[in-house]
Amino acid sequence: MNKLDTTLVTSALKKAGFSVTANVKEADVVLINTCSVREHAEQRVLSHLGHLKHIKKSRPDMIVGVIGCMAQRLGDKLLEHEAVNIVCGPTQIPQIADLLKQAFEKNEKRLAITEKILQKTSEMQNQALETFESAHGIEDKYIPSQAFVRAMRGCNNFCTYCIVPYVRGPEVCRPPEAIIEQIKRLASIGIKQVTLLGQAVNSYKYKKDGRTWSLADLLDAASDIHGIEWLRFVTSCPSEEFFDEIMQVMADSPKVCKYLHMPAQSGSDKILSAMNRHYSAVSYLELLNRARAAVPRIAIAGDFIVGFPGETEDDFQATVDLLKTARYRNSFIFKYSPRPGTTADKRLQDTVPAEVKQKRIVELLAAQEKISDELSRDFLDKEVKVLVEGLSKKSHRNITGSPDNPQLVGRTATDYIVVFNGPMSLAGRFAKVKIIKTSPLTLFGELI
Ligand code: SAM
Ligand code: SF4
């Protein structure tokens, strides 16, 4: 979601005459796109701002803007920071070029956030976001040949730990014709993989001409677009609604990647209920069974929070059991971080001591690593098709490169990271790789 917003803002500012520099010290404008999901992410932004305050001593004309969720959450408190000139929430990003212009011309601080974030977004705001999205959602792709397309904004689920509904506002599904049109335009400029985005993207629903469009319908329609070869969607919130239809389209369409990211968060029904997640461990695992029955070899990823208020050792062991039964390809595991304003923060005490959270995260990560390692080993000596992203950022041992045969990284349809040597001209294209070595999260191979 944040990467997409960064892409949209970059494209809008380029069209307004700005250009991107990698050197902060020579920038006229520094924009920080922020996340509020965990406290740690916000602390990092504050430390960046401290650094920028220092730079601004010798560059007082530099404009610093904070955009995104933290801007919406902290509003004028953030504007009080000595380094900050602009604070702009996620709903206000269409105004970013104007805000910058005003900041330059009038040398005044500017605040643009939604006052009553929990209220339904106005038609005017929706229209502005829609226009912004279709004008700037086409260029400036983050990775060659790949693009993100928002299916829905906001979230109505109010999981008790989560800040998202308070910073991104209520759920709004984009019209299917706008989404399909955007994907067609992306295909026409050479995009091969599109990822549909939404906080609970599986609950996408849009009523039009007496018919209700679901995510399955969107994937089906997008599968017909010439040039698009892989379609993905994230994130799914466990729910019966449309589940079988979505799995069916994944089974039927060769373009829909056989990958499901569906966070469980916990394996304890008591904790799931305290989190306001509307499923039990058993019903969650039943969904996974149905997914695997409909789509054999589907890769499934999960998210977990350890140390939620009231989580006992037994609750935690139920989470370990669920993770082992689910046999995820990988899991994103977080320590509970109380977020101001959320129901959990207001009503529940952060009872689990830091060292217990730490012990639990280490144990859960180890259990996942073992499963990931076993699943990865299945790929040894097999051929995989990858969409090449570009140069591998990490330099891996045992793979030596040369300037015309550097170390590249790509991903399989099931989201496995594959590292191999090949020409840079492969970036943005599909390649076949034979796997010669595996690790829990990365496969290593040779170009075929
Ligand atoms: N919408 C997605 C969903 O419902 O699964 C995920 C949204 S959230 C940005 C990504 C992940 O962050 C969640 O799945 C959860 O595991 C984690 N998360 C959210 N709030 C958190 C908190 N207060 N403390 C720790 N982790 C949190
Ligand atoms: Fe947060 Fe729950 Fe919405 Fe995901 S579904 S964004 S965890 S409130």
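Worth saying up front: this structure is predicted, and the values here are computed from it rather than measured. In each ligand, atom 1 is the first atom listed, and ligand 1 is the first ligand listed.
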With a 3.5 Å distance limit and no angle check, can you tell me whether Thr10 reaches the backbone of Thr6 through a side-chain donor-acceptor pair?
yes
So is Ala200 in contact with ligand 2, going by heavy-atom distances below 4.0 Å?
no
Taking the six-membered ring for Trp, are Tyr284 and Tyr328 parallel (under 30°), tilted (30 to 60°) or perpendicular (over 60°)?
tilted
Strictly under 2.8 Å, is any N, O or S atom of Cys237 next to atom 2 (Fe) of ligand 2?
no
Does Cys162 bring an N, O or S atom to under 2.8 Å of atom 1 (Fe) of ligand 2?
yes
Cation-pi between Arg38 and Phe334: NZ/CZ under 6.0 Å from ring centre and within 45° of the ring axis?
yes
Report the member of Met275, Arg339, Gln199 with the shortest heavy-atom distance to atom 4 (Fe) of ligand 2.
Gln199
Indicate, as side chain, backbone, both or neither, the part of Phe158 found under 4.0 angstrom from ligand 2 when only non-hydrogen atoms are considered.
backbone
Short N-O contact, Lys357 and Glu311, less than 4.0 angstrom:
no
Is a side-chain donor or acceptor of Thr160 paired with a backbone partner of Ala274 at a separation under 3.5 angstrom?
yes
Should Phe148 and Thr7 be marked as a side chain to side chain contact (heavy atoms under 4.5 Å, CB included) after you check the CA-CA gap, both sets of side-chain angles, and the distance that decides it?
CA-CA 9 Å; Phe148 295 110; Thr7 302; 5.7 Å; no
Using a 6.0 Å cut-off, check whether atom CZ of Arg44 has over 12 heavy atoms from anything other than its own residue.
no
Nitrogen or oxygen atoms of Tyr336 and ligand 1 under 3.5 Å apart:
no
Side chain, backbone, both or neither: which part of Pro263 comes within less than 4.0 Å of ligand 2 when only heavy atoms are counted?
neither
Going from CE on Met250 to NZ on Lys258, what distance comes out if it is rounded to the nearest 0.5 angstrom?
7.0 Å
What atoms in ligand 1 come closer than 4.0 Å to a heavy atom of Arg38?
12 (O), 17 (C), 18 (N), 24 (N), 25 (C), 26 (N), 27 (C)
Contact between Arg277 and ligand 1, counting heavy atoms under 4.0 Å?
yes
To the closest 0.5 Å, what do you measure between CD1 (Ile179) and CG (Leu218)?
5.0 Å
What's the shortest distance from atom 7 (S) of ligand 2 to any protein heavy atom, and which residue and atom give it?
Tyr161 OH, 3.4 Å
Polar-atom distance check: Ser236 versus ligand 1, any N or O pair below 3.5 Å?
no
Of Val194, Asp415, Leu196, which is the lone residue that meets side chain to side chain contact (heavy atoms under 4.5 Å, CB included) with Arg232?
Asp415
Shortest protein heavy-atom distance from atom 5 (S) of ligand 2, along with the residue and atom involved
Asn157 ND2, 3.4 Å
Strictly under 4.0 Å, does any heavy atom of Gln265 approach an atom of ligand 2?
no
Hey, are the side chains of Asn126 and Glu123 touching, using non-hydrogen atoms and a 4.5 Å cut-off?
yes
Out of curiosity, His81 NE2 to Leu79 CG, how far, rounded to the nearest 0.5 Å?
11.5 Å
Only one of Leu215, Thr235, Ile246 passes side chain to side chain contact (heavy atoms under 4.5 Å, CB included) with Val201; say which it is.
Leu215
If you have a sec, work out which protein heavy atom is nearest atom 8 (S) of ligand 2 and how many Å separate them, to one decimal?
Cys159 N, 3.4 Å
In terms of ring plane angle, is the pair Tyr259 and His261 parallel, tilted or perpendicular, where the classes change at 30° and 60°?
tilted
Suppose we measure from atom 24 (N) of ligand 1 to each protein heavy atom; which comes out shortest, and what is that distance?
Ser337 N, 3.0 Å
Checking heavy atoms under 4.0 Å, the part of Tyr161 that sits near ligand 1 is both
Which ligand 1 atoms, with their elements, are less than 4.0 angstrom from a heavy-atom of Gln265?
5 (O), 13 (C), 14 (O), 15 (C), 16 (O)
Please identify which atoms of ligand 2 are closer than 4.0 Å to at least one heavy atom of Val164.
6 (S)
Within 4.0 Å of some non-hydrogen atom of Pro165, the atoms of ligand 2 are 8 (S)
What residue and atom, counting heavy atoms only, is the protein's closest point to atom 3 (C) of ligand 1, and at what distance?
Gln199 O, 3.9 Å
Part of Val37 within contact of ligand 1 (heavy atoms, under 4.0 Å):
both
Which of the numbered atoms in ligand 1 are under 4.0 angstrom from any heavy atom belonging to Pro263?
5 (O)
Distance under 4.0 Å to a non-hydrogen atom of Lys335: what atoms of ligand 1 satisfy this?
24 (N), 25 (C)
Atoms of ligand 2 less than 4.0 Å from Arg277 heavy atoms?
2 (Fe), 7 (S)
Numbering as shown, the atoms of ligand 2 that approach Cys155 to under 4.0 Å (heavy-atom distance):
3 (Fe), 5 (S), 6 (S), 8 (S)
Going by atom types only, do Thr91 and Gln125 share a side-chain donor-acceptor pair under 3.5 Å?
no
Arg339: numbered ligand 1 atoms lying under 4.0 Å from its heavy atoms:
23 (N)
Min over Asn2, Ile333, Asp303, Asp345 of heavy-atom distance to atom 14 (O) of ligand 1 lands on Asp303
Yes or no on side chain to side chain contact (heavy atoms under 4.5 Å, CB included) for Arg292 and Ile298, after CA distance, side-chain angles and deciding distance?
CA-CA 6 Å; Arg292 289 187 164 120; Ile298 187 173; 3.8 Å; yes
